[in-house]
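This chain uses plain numbering: 1 for the first residue, then up along the sequence. As the structure lists them, so they are numbered: ligands from 1, and atoms in each ligand from 1.
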Amino acid sequence: MSKQVTILAIESSCDDTSAAVLRDGRVLSNCIANQEVHRQYGGVVPEVASRAHQVNIVPVVEQALRQAGVKKSELSAVAFTRGPGLMGALLVGTSFAKALALSWEIPLIEVNHLQAHILAHFIEEPKPNFPFLCLTVSGGHTQLVLVRAAHDMEVLGQTLDDAAGEAFDKAGKLLGLDYPAGPLIDRWAQSGQPRFVFPETNVPGLDFSFSGLKTAILYFLRERLAADPQFIEKNRADLCASVQHAIVSALLKTLQRAARHSGIREIALAGGVSANSELRHRFEQLGQLEGWRTYVPALQYCTDNAAMVAMAAYFKYLRGDFCAQDVAPYTRGFHLCD
Ligand code: KG4
Ligand code: ZN
């Protein structure tokens, strides 16, 4: 029998510290420490995030190994998110992973965070067949990606301004909701109707734009609040349903265009915003209409987690794609394959 491949992965690109252990493509543990501290600031404060990663990283890694029942001598490699993300946050995970690889004398694997979101689809069945189209929607990114293979991806379109998650979070802030507002808008929208219509931003090709929507909501609320200061309180559910409807419609319109244009019918969603219930529901409906095979990861693998980093690293391990100790993190990076 060939030797088992056991990977410890660390994710620290934004405000979640996560560690996971994967054995031969199967998740043995996936531990996450969320940083509640940012809620009071209405967004992620990079300096505060880096410090919280420093506090959380040792306990989270210990917990992941303990839960997996794996000893360090059984590990085949250590993986980490190299970017894109916040520099200070990335440095914590990168340095920690390097130190572990060096002291345990095992290979080091660097992972692109956006690729990891996409490869989260290979954690559980059903897994997409190559080539597939993936709409990656998170707090920092909105991309339409053609995935030819685990190591061969091409960005077909992306946001020209705000990311989809950012649009949810900024609209939620205008509606008086805490950060991150995406899940709260989702919850409020369930008891509302999308009866407020915001003008659509027409973006040619396969790109996205959400800053116009944010401005439209701002002006709309200003006008209504001038007439009735209680307007938001009285209409919060309908306002959330309307914002959510507008964002989901914009995403699906471009996804449909890409699918028709490419002729590809294996279509996937990835990233934190793919946890959104309206997006998941309307994506499935559209898929049935268009004859797509649709793929959405389980909720825990949509938002940031180290299991997806471990899965991306597993593909790299199988190809012998390791990195040196001198690699530096990058904050931006649409180059999905380097
Ligand atoms: O992928 P992710 O966990 O982190 C980044 O890489 O950015 O995505 C976080 C984003 C946040 O903007 C959050 O508001 C959004 O995903 N989000 C949601 C939902 N759950 C998370 N947006 C809408 N509906 C949700 N249910
Ligand atoms: Zn992410």
Side-chain angles (χ1 to χ4, degrees), residues 9-18 20 30 32-36 38-39 42-44 46 49 80-86 89-90 93 111-121 134-143 145 158-159 162-175 177-190 192 210 213-214 240-252 268-283 296-309 311-312 331-334 336:
I10 294 169
E11 154 65 35
S12 72
S13 64
C14 191
D15 59 339
D16 295 318
T17 319
S18 181
N30 184 32
I32 303 174
N34 301 113
Q35 300 181 3
E36 290 298 321
H38 302 285
R39 206 172 282 274
V44 177
F80 65 97
T81 302
R82 183 177 173 192
L86 303 169
L90 289 164
V111 169
N112 177 292
H113 182 81
L114 296 165
Q115 254 186 5
H117 269 301
I118 294 170
L119 297 173
H121 282 282
C134 186
L135 174 65
T136 308
V137 272
S138 73
H141 301 275
T142 297
Q143 291 189 331
V145 182
Q158 58 201 337
T159 184
D162 292 346
E166 211 175 343
F168 270 105
D169 296 337
K170 287 181 175 171
K173 199 169 181 177
L174 294 174
L175 296 174
L177 301 176
D178 278 350
Y179 176 86
L184 301 174
I185 290 185
D186 193 351
R187 213 170 308 144
W188 276 98
Q190 278 162 29
F210 292 103
L213 174 66
K214 179 186 62 192
C240 286
S242 307
V243 166
Q244 180 171 282
H245 187 82
I247 297 172
V248 170
S249 300
L251 291 171
L252 292 180
L269 286 185
V273 180
S274 55
N276 183 266
S277 49
E278 181 174 340
L279 178 59
R280 292 169 92 94
H281 179 65
R282 288 179 54 196
F283 173 63
V296 189
L299 281 178
Q300 76 261 34
Y301 302 129
C302 286
T303 46
D304 287 350
N305 67 89
M308 67 184 193
V309 178
M311 180 49 74
T331 53
R332 302 172 64 79
F334 299 119
L336 285 164

Peer 1: Which atom pair, heavy atoms only, marks the closest approach of Ala116 to Ala312?
Peer 2: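 Result for this residue pair: CA-CB, 4.1 Å.
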Peer 1: List every atom of ligand 1 that sits less than 4.0 Å from any heavy atom of Thr303, numbering the atoms from 1 in the order shown and giving each element.
Peer 2: 3 (O)
Peer 1: Would you say ligand 1 has an N or O under 3.5 Å from any N or O of Phe168?
Peer 2: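 In fact, backbone or side chain, Phe168 has no N or O that close.
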Peer 1: Would you mind running through ligand 1 and noting each atom that sits below 4.0 Å from a heavy atom of Ser138?
Peer 2: 1 (O), 5 (C), 6 (O), 7 (O), 8 (O)
Peer 1: Just distances here: any N/O of Glu166 and N/O of ligand 1 closer than 3.5 Å?
Peer 2: no
Peer 1: So how far is it from Leu177 CG to Cys240 SG, rounded to the nearest 0.5 Å?
Peer 2: 5.0 Å
Peer 1: Distance to 0.1 Å, residue and atom name: give those for the protein heavy atom nearest to atom 12 (O) of ligand 1.
Peer 2: Asp169 OD2, 2.6 Å
Peer 1: Could you pull out the closest heavy-atom pair between Gly271 and Ser138, with the gap in Å?
Peer 2: CA-CB, 4.4 Å
Peer 1: Would you kindly specify which portion of His113 sits under 4.0 Å from ligand 1, judged on non-hydrogen atoms: side chain, backbone, both or neither?
Peer 2: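 For His113, the contact with ligand 1 is made by the side chain alone.
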Peer 1: Hey, which atoms in ligand 1 end up nearer than 4.0 Å to a heavy atom of Ala275?
Peer 2: 20 (N), 26 (N)
Peer 1: In Å, rounded to the nearest 0.5 Å, how long is the span from CD1 of Ile185 to CD1 of Ile247?
Peer 2: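 Between Ile185 CD1 and Ile247 CD1, I get 6.0 Å after rounding to 0.5 Å.
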Peer 1: Give me the residue, atom name and distance of the protein heavy atom closest to atom 24 (N) of ligand 1.
Peer 2: Asn276 ND2, 3.0 Å
Peer 1: Return the closest protein heavy atom for atom 17 (N) of ligand 1 as residue, atom name and distance.
Peer 2: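 Going by distance alone, atom 17 (N) of ligand 1 is nearest to Gly272 O, 3.7 Å.
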Peer 1: Mind checking side-chain hydrogen bond (donor to acceptor under 3.5 Å, both in side chains) for Asp304 and listing every partner two or more places apart, or none if nothing turns up?
Peer 2: His113, His117
Peer 1: Once side-chain hydrogen bond (donor to acceptor under 3.5 Å, both in side chains) is applied, do any residues pair with Gln190, and if so which ones, sequence neighbours excluded?
Peer 2: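 For Gln190 the side-chain hydrogen bond (donor to acceptor under 3.5 Å, both in side chains) partners, ignoring immediate neighbours, are Asp186, Ser277.
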Peer 1: Please confirm whether the backbone N or O of Ser12 pairs with a side-chain atom of Thr81, one donor and one acceptor, at under 3.5 Å?
Peer 2: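 Not confirmed, Thr81 side chain does not pair with Ser12 backbone.
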Peer 1: Taking the side chain from Asn112 and the backbone from Leu114, do they hold a donor-acceptor pair closer than 3.5 Å?
Peer 2: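 Answer holds: yes.
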Peer 1: How close does the nearest protein non-hydrogen atom get to atom 15 (C) of ligand 1, and which residue and atom is it?
Peer 2: Val273 CG2, 3.9 Å
Peer 1: Counting only heavy atoms not in Lys214, do more than 12 fall under 6.0 Å of its NZ?
Peer 2: yes
Peer 1: Indicate yes or no: does an N/O atom of Gly140 lie under 3.5 Å from an N/O atom of ligand 1?
Peer 2: yes
Peer 1: List ligand 1 atoms under 4.0 Å from Pro180, heavy atoms only on the residue side.
Peer 2: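 Those atoms are 14 (O).
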Peer 1: Step by step, would you call Arg282 with His245 a side chain to side chain donor-acceptor pair (under 3.5 Å)?
Peer 2: CA-CA 10 Å; Arg282 288 179 54 196; His245 187 82; 3.3 Å; yes
Peer 1: Starting from atom 26 (N) of ligand 1, which protein heavy atom do you reach first, and at what distance in Å?
Peer 2: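 Ranked first by proximity to atom 26 (N) of ligand 1 is Asp186 OD2, 2.9 Å.
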Peer 1: Output yes when a side-chain donor or acceptor of Arg280 lies under 3.5 Å from a complementary backbone atom of Ser274, and no otherwise.
Peer 2: yes
Peer 1: For Gly172, does its backbone N or O pair with a side-chain atom of Asp169 as donor and acceptor, under 3.5 Å?
Peer 2: no
Peer 1: Return the residue, atom name and 0.1 Å-rounded distance of the protein heavy atom closest to atom 4 (O) of ligand 1.
Peer 2: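 Result: Asp304 OD2, 3.1 Å.
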Peer 1: Mind checking side-chain hydrogen bond (donor to acceptor under 3.5 Å, both in side chains) for Asn276 and listing every partner two or more places apart, or none if nothing turns up?
Peer 2: Gln244
Peer 1: At a cut-off of 2.8 Å, what protein N/O/S atoms sit near the Zn ion (ligand 2)?
Peer 2: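 The answer, once waters are left aside, is His113 NE2, His117 NE2, Asp304 OD1.
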Peer 1: Looking at Thr303, is its backbone amide N or carbonyl O close enough to the side chain of Asn305 to form a donor-acceptor pair, meaning the two atoms are under 3.5 Å apart?
Peer 2: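 Yes; at least one donor-acceptor contact below 3.5 Å.
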Peer 1: Heavy atom to atom 19 (C) of ligand 1, shortest distance: which of Ser13, Ala189, Pro183 holds it?
Peer 2: Pro183
Peer 1: Under a 3.5 Å cutoff, is there a donor and acceptor pairing between the side chains of Ser13 and Arg82?
Peer 2: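 Side-chain D/A pair, Ser13 to Arg82: absent.
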Peer 1: Starting from atom 22 (N) of ligand 1, which protein heavy atom do you reach first, and at what distance in Å?
Peer 2: Gly182 CA, 3.4 Å
Peer 1: Please identify which atoms of ligand 1 are closer than 4.0 Å to at least one heavy atom of Gly165.
Peer 2: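 Reading through ligand 1 atom by atom, the close ones are 12 (O).
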Peer 1: Would you say ligand 1 has an N or O under 3.5 Å from any N or O of Gly139?
Peer 2: yes
Peer 1: Is ligand 1 under 4.0 Å from a heavy atom in the side chain of His117, in the backbone, in both, or in neither?
Peer 2: side chain
